[in-house]
Protein chains: 2
Amino acid sequence: MAEKLTIRDIARLAGVSKATVSRVLNQKPDVDPATRERILRVMEEQGFVPNIAASGLAGGRSRLLGALIPSLTWPLIPELMRGVGEVVGATPYELILYSINDVNHEKDRSDIISRIVRTRLVSGLLAVFPGPSAKYLAALHSRSFPVLLIDDQGIPPENTPWISVDNRVGAYEATRHLIRLGHRRIAHIQGPLKYQVSHDRYRGYCDALEEAGIPLDPALVLEGDFMPQTGRACANAFFDLPPERRPTAIFAGSDYMAYGAIAAAEQRGLRVPDDVAVVGFDDNPSSAHMEPPLTTVRQPFYEMGRRAAEMLLAFVEASRMMHHPSQNGQFASVTPSAAVFDPPVRVKMPTSLIIRASCGASRHLHSPSEQGGGDRSR
Amino acid sequence: MAEKLTIRDIARLAGVSKATVSRVLNQKPDVDPATRERILRVMEEQGFVPNIAASGLAGGRSRLLGALIPSLTWPLIPELMRGVGEVVGATPYELILYSINDVNHEKDRSDIISRIVRTRLVSGLLAVFPGPSAKYLAALHSRSFPVLLIDDQGIPPENTPWISVDNRVGAYEATRHLIRLGHRRIAHIQGPLKYQVSHDRYRGYCDALEEAGIPLDPALVLEGDFMPQTGRACANAFFDLPPERRPTAIFAGSDYMAYGAIAAAEQRGLRVPDDVAVVGFDDNPSSAHMEPPLTTVRQPFYEMGRRAAEMLLAFVEASRMMHHPSQNGQFASVTPSAAVFDPPVRVKMPTSLIIRASCGASRHLHSPSEQGGGDRSR
DNA sequence: ATCGATACCGTAAACGATTACGAAAATTGT
DNA sequence: ACAATTTTCGTAATCGTTTACGGTATCGAT
């Protein structure tokens, strides 16, 4: 079956020149609908797939997208990539994975970026940055290279499209939920303050408190590092407080830290949620399997992945059309409504509060079918 | 900084021809050590990175590796990819992600493979197959395309290198551990029997029982589907048995099913591990955070990822040398000992038993420092 | 000094697409 | 019917690298 089909073979079979075939391949104008149809049929019959390397060379583009992400072992990254993969998989584009081993290894990160620029392999980049990113993106952005930031936790450079999560509102809703359940002394374990998200979530926490007229107690706010160990340590610090100042609820800035807090509570013989309620942030896949199942703020990473991929694809296609401002040029699967993106876009995705057992109000908002054992794997 | 460096610029700067530069790029012979040095220095100074598209076109290869994997949301896949990514990242190769949405969608799978073949984009493929794979690989293998199977759960086709986990021994050790703890009535929740792994694990379970002279009770063996729900259902079936036939320990064929079994136990007021011990298989990242932390058989996916990438790289480099049988041609990071792989290689990785609280013998083999809260994130 | 071998290196032709440019064909207006 | 457009399509150059092939240097042996 079709050992080595080239554009030339298709041209011969269809009785046209390579140029014409190339035109239909790139949905360019200047080709008769009838011939276009004929060529498409031949390609279909022969099962022709263009050689990406060749078109990348000739056109300076590549139908290759890069994904620059922190370790896949971070809980929500796979969800994100699932969304990205589904969208990209429905197009002729392929996805190149640039993953970063060590978060703190800034050199690593800029090395990868310069490599991305130099090899000119991908024609668009999707970047998940856990830290300040401006200086890394300057290189790309200055070359008018399509870049899309996801959940940038620093302050994104001007004019760079990005998509993020509304951390403040998520934290606000979580805290408000605890307040509604009757809690007045609510502690907060922050993420590392070097990340913007930590401030945003803290802000939402404060807002809810203020709204309810609850004074902020600085002793009930501690900084962690997103990992279970610090969750445990901070929770222990809270439990060491004199009884009248001790919190009855803990809002952790990440699910991992919530795990630690729960472990600390249990080690002291405190029951969750009876003695202390715990709410997390993230909705890791494993948070539904915990005992007790964790109430948490879900970050819609799957949806963000889809959305991000669609946007990036639109950018890339747009910059591809740039020099040849013609009619269409969208994939069926890419929403055509997202055609013109000239002003940089910023999208903020909404979070949702997932109520499970760890806050002591399992039946408050959800139907009984949403139990602890459920998981989102498909 | 270096807008568009090509091999031609390097050649000019170094006072040689493009051909010579290309030779050093591909670690080919026939170039004077002094010139090689000079060229390397120039490349270094200029920060030159070859254009992958161009070399892919010209050479018919590509410095691109493909990874065909099931959803990243499967618990151990990210660990695998971490290993792969680290190895590949240390070479000039890039990694293309071909991930499959729905496992049962066999058409999807073969579509992707034919796409891989047709675009001729990658020069080697690493495939994680959760089911029978022979027919999909025929297309690749027949073209002498470097392929490496990981943890193929069916029977791999002849002559295809693959790397897998010793499921039988893992299950054997887990069961033996329970026996040593004094259990005589040990139930087993199998994975889907359409997968070979399920049979292998069952086999290990039987072996341990037989070795201890414990008769196999068919009522204590049920088939699940790897997911928590069936773990719960099977466990409930066990608990419904009359007291004298009821198991005191459950060995689940996956961590997820173990989660379900623990949930079922707790719902009945049975305490884990006091009333019933539970052991899983996989060592999902979240299994350490469970309450109680889960004793389980760890599958070394990270190590497998590294190993697989190294092997695949060696294959690709070997097939690259094929027509130009010269001296060296290995990366510093790729173990040179793995140079010649002519006979297809099959590697079986050992599992390890991770003892935590859910089997009731936390301090049996491990030091106290290995606690439940520990996680393997780096 | 001459002859092979050998080591080194340059020339030029691919590789499979894209695209500027211009020519031919079809369409329109008069 | 003819000029002016407009539509459609082919020619040929080009992208950056690899590699077959052939040409010099170099060197030891005769």
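Not measured: the values here are computed from a predicted model. Lettering follows sequence order; numbering is per chain, from 1. When reading the values below, keep in mind they use all heavy atoms of this one structure, side chains included, and skip hydrogens, waters and symmetry mates.
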*Position toward the 5' end of DNA chain D (nearest nucleotide), A:R38 or B:I52*: A:R38

*Take A:W162 and A:V345, measure what side-chain contact (heavy atoms from CB on, under 4.5 Å) needs, and give me the verdict at the end.*
CA-CA 7 Å; A:W162 73 313; A:V345 185; over 6 Å; no

*Just call it for A:S22: base, sugar-phosphate, or nothing, with non-hydrogen atoms closer than 4.0 Å on any strand.*
base

*Return the value, rounded to whole Å, for the distance between atom CG of B:L5 and atom P of D:dC15.*
15 Å

_Close approaches to DNA chain D from residues 12-20 of chain B, in residue order (heavy atom, under 4.0 Å)_ = B:K18, B:A19

*Would you name the heavy atoms of B:I52 and B:R63 that are closest together and state the gap between them?*
CD1-O, 4.5 Å

*Kindly point out which of D:dT17, D:dT8, D:dG16 is positioned nearest to the side chain of B:F48?*
D:dT17

_B:D32 CG to D:dA25 P, straight-line distance once rounded to whole Å_ = 15 Å

*Under 4.0 angstrom between B:N51 side-chain N/O and D:dC15 OP1 or OP2*: no

*Looking at the side chain of B:R23, which of C:dG16, C:dC9, D:dT18 is the nearest nucleotide?*
C:dC9

*Euclidean distance, atom CG of residue A:L121 to atom P of D:dC15 [Å, nearest integer]*: 19 Å

*asked:* Output the rounded distance in Å from NZ (A:K28) to P (D:dC9).
replied: 15 Å

*Using a strict 4.0 Å threshold on nitrogen-to-oxygen distance, state whether A:R306 and A:E86 make a salt bridge.*
yes

*Nearest atoms (heavy-atom pairs only) where A:P161 meets A:L148*: O-CD1, 3.5 Å

*Could you tell me which non-hydrogen atom of B:R36 sits nearest to which non-hydrogen atom of B:Q27, and how far apart they are?*
NH1-CA, 4.1 Å

*Can you tell me the distance, in whole Å, between the CZ atom of A:R8 and the P atom of D:dT11?*
11 Å

_Heavy-atom pair with the smallest gap, counting every atom of B:L72 and A:P78_ = O-CB, 3.4 Å

*Quickly work out the A:I39 CD1 to C:dA17 C1' distance and round it to whole Å.*
15 Å

_Proximity to the side chain of A:P33 - top-ranked nucleotide from D:dT8, D:dC15, C:dC8_ = D:dT8

*Return the value, rounded to whole Å, for the distance between atom CD1 of A:I7 and atom P of C:dC15.*
15 Å

*asked:* OP1 or OP2 of C:dC15 versus the side-chain N and O atoms of A:T6: is any pair under 4.0 Å?
replied: no

*Nearest whole angstrom, please: distance from the C1' of C:dA24 to the CG of A:D30.*
14 Å

_Please check: side-chain N/O of B:N51 versus main-chain N/O of B:A53, any donor-acceptor pairing under 3.5 Å?_
yes

